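A short worksheet on the structure shown next.
In this text, all values refer to a predicted model and were calculated from it rather than measured experimentally. Residues: numbered from 1 along the sequence shown. We use all heavy atoms of the structure for the numbers below, so side chains are in, but hydrogens, waters and symmetry mates are not.
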Amino acid sequence: MTQGGTRPNAREGCTAGGRIKLCALAACAIFIAVDLSSCSGSGEKDVHASEPAVTVGVTRVAQKSLGREITLSSELVPFQEIDVYAKESGYVKKLSVDYGTKVKAGQVMAVLEIPELEAQLEEDRAEIKNASNQVTRADHELARYQAQYKALHLEYTRLNGVFENQPGIVAQQEVDDAQGKDLASASQVDAGQAALEAAQSQLAAAKAKLVHDQSLFDYSKITAPFAGVVTERYANLGTLMQAGTGSSTQALPLVKLSQDDLFRLVIPVPESYVRYIRIGDPVNVRVPAMNRTFPGKVARFSVDVRSDTRTMHTEVDVPNPQRILLPGVYAEADLRFDQKANIPAIPVQALNHEGDKTSVFVVGADGTIERRPVQVGIQTSSDAEIVSGLTEGEQVVVSDRAGLKPGEKVHTRVVAVPAYSHEDSPQ
């Protein structure tokens, strides 16, 4: 380079060239870093994609005891409740009961005054005494006739023997006379026997009449036909009680008597449950007003379904030995039938219903979801019997299944399914 001109700076040129190389190296480094970062990110994404993203609640198929249940409501009524009438007309002479009086079977509740029957009894006793005297007289007459017959028959037998063995000693006339007296005496014996029997018959009739009238007079004591409690009283001392023996009578009853040691609960069983009802089935009778449950049993039913209500008249007997229950109290009967023990069952929350088909989501050992068709038997408010499709110990999904698909892998978490209380179950 000439003097006075500008000479190139070697350091400066070298620096520019170095910068270019450094930029190239930096670009390569960035590319490699980005590429490695991209590769690293793709591998991590694949790893997370293979892991389950959903956790489901499951429970295992287990053995349980199940049965059909239904709750029906009605009111308790006395097993027996009647109006007590007088059999014979009379005035109330004595009254031993009132509202709420508890009586035993055969206990006298009232005594009636019936003068006509008292007089009739006296007449009957006089008739019996007269008939008894007639029997005694007829018996004595018969004894006299029998004695006469014995003597006359013996006389005839002797004369006839002599006449046959020693002819000529006794005349035929004497034998015939003795025979006639003997036959007449025998007739008197027969007549006396008939008179005695007639007198005895009259005596028996008089005694029977006394028994009849005495039975009517015994109705002057009005007794309790069964043990119970008096819930109504219609008469007072001196009230004229009419005989309540006619269907059209306007007679007033003495009291209303209710049996209080046994109640009946009349319940209408729906048509769909009729085939399960059996005599003797246990029933839990709950009385909400008392907050107590009493044992009962199915005692009788009508064996037919009413066309208007499609129900069957069924009665449950409820013993009340401590007299705690009261007539007219509202009660609920819990009927259980078709009981089965130790059968495979799952919660009803696990069932999927599609038309007439039922299925469940089963989680396999590898965490894969499977839709499995099942056949259900007995179903209660909380559990369902599995007739086919599942085996004991398999896990079924009981949580929300809206987003689940067969073949999907999931995390499982065993959950306790809350059982419905009786109040939560459908009535």
Side-chain angles (χ1 to χ4, degrees), residues 80-98 101-149 186-228 230 232-259:
Q80 298 182 91
E81 187 173 41
I82 62 170
D83 289 328
V84 181
Y85 288 88
K87 178 68 182 298
E88 293 295 319
S89 298
Y91 295 95
V92 177
K93 180 180 179 180
K94 181 179 179 182
L95 185 61
S96 305
V97 295
D98 209 328
T101 302
K102 297 183 181 298
V103 297
K104 298 179 180 179
Q107 179 177 333
V108 177
M109 296 187 293
V111 178
L112 302 182
E113 184 178 7
I114 311 177
E116 300 86 350
L117 280 179
E118 293 179 4
Q120 186 63 50
L121 289 175
E122 293 297 327
E123 183 179 344
D124 292 340
R125 295 186 183 96
E127 288 290 339
I128 289 176
K129 185 175 181 180
N130 181 50
S132 179
N133 293 335
Q134 293 294 333
V135 168
T136 301
R137 188 176 70 174
D139 186 52
H140 292 166
E141 287 290 328
L142 178 60
R144 184 169 63 84
Y145 292 150
Q146 288 175 340
Q148 290 178 353
Y149 168 74
S187 298
Q188 285 183 334
V189 171
D190 294 337
Q193 184 66 40
L196 176 61
E197 293 176 356
Q200 290 174 339
S201 297
Q202 290 180 353
L203 176 60
K207 289 181 177 179
K209 190 172 185 302
L210 175 63
V211 171
H212 173 267
D213 293 339
Q214 183 64 52
S215 298
L216 295 180
F217 184 74
D218 289 341
Y219 284 116
S220 63
K221 297 180 180 179
I222 303 178
T223 59
F226 52 81
V230 175
E232 293 282 351
R233 190 198 70 182
Y234 304 102
N236 295 304
L237 289 175
T239 301
L240 175 60
M241 302 293 299
Q242 298 292 335
T245 56
S247 58
S248 60
T249 181
Q250 299 296 322
L252 187 70
L254 176 71
V255 295
K256 181 186 288 291
L257 183 65
S258 298
Q259 185 174 352

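Heavy atoms only, all atoms of each residue included: A105 and P225 are closest at CB-O, 4.3 Å. The shortest non-hydrogen separation linking A86 to I222 is CB-CD1, 4.0 Å. When all heavy atoms of A199 and A138 are compared, the pair lying nearest together is CB-CB, 4.3 Å. Closest of all the heavy-atom pairs between G90 and I114 is CA-CG1, 4.2 Å. For the residue pair K221 and V111, the shortest heavy atom distance occurs at CG-CG2, 4.3 Å.
You'll find the side chain of K207 stays beyond 4.5 Å of the side chain of H212, heavy atoms only. Side-chain atoms of R125 and L210, non-hydrogen and from C-beta on, do get closer than 4.5 Å to each other. In this structure the side chain of Q214 reaches within 4.5 angstrom of the side chain of L121, judged on heavy atoms. Looking at L142 and V189, their side chains come closer than 4.5 Å, going by heavy atoms from C-beta outward. With contacts defined as side-chain heavy-atom distances shorter than 4.5 Å, the pair L112/Y219 does not qualify. Here the side chains of S89 and Q242 are in contact, with some heavy-atom distance below 4.5 Å. For the pair D98 and V230, the minimum side-chain heavy-atom distance is 4.5 Å or more. Residues K209 and Q120 form a side-chain contact, since some pair of their non-hydrogen atoms from C-beta on lies under 4.5 Å apart.
Counting heavy-atom neighbours within 6.0 Å of K94 NZ, excluding the residue itself, gives a total of 12 or less.
Between the CE atom of M109 and the CG atom of L257 there is a distance of 6.0 Å, given to the nearest 0.5 Å. Distance check, rounded to the nearest 0.5 Å: CG of L252 to OG1 of T239 gives 8.0 Å. Note that CG of L254 and CG of L95 are 6.0 Å apart. Values are rounded to the nearest 0.5 Å. With values rounded to the nearest 0.5 angstrom, L196 atom CG is found 12.0 Å from R137 atom CZ. Note that CE of M241 is 14.5 Å distant from NZ of K87, once rounded to the nearest 0.5 Å. The distance from atom CD of E123 to atom CD of E118, rounded to the nearest 0.5 Å, is 14.5 Å.
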One pair to check against side-chain contact (heavy atoms from CB on, under 4.5 Å): F217 and E88. What are the steps and the verdict?
CA-CA 8 Å; F217 184 74; E88 293 295 319; over 6 Å; no
If you apply the rule side-chain contact (heavy atoms from CB on, under 4.5 Å), what do you find for Q188 with Q148, and how did you get there?
CA-CA 9 Å; Q188 285 183 334; Q148 290 178 353; 3.3 Å; yes
Show your reasoning for whether side-chain contact (heavy atoms from CB on, under 4.5 Å) applies to I82 and F226.
CA-CA 10 Å; I82 62 170; F226 52 81; 3.8 Å; yes
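Formation of a donor-acceptor pair under 3.5 Å by the E122 side chain with backbone atoms of A119 is not found in this model. Between the S132 side chain and the I128 main chain, no donor and acceptor come within less than 3.5 Å of each other. A donor-acceptor distance shorter than 3.5 angstrom exists from the side chain of S215 to the backbone of V211, with no hydrogens or angles considered.
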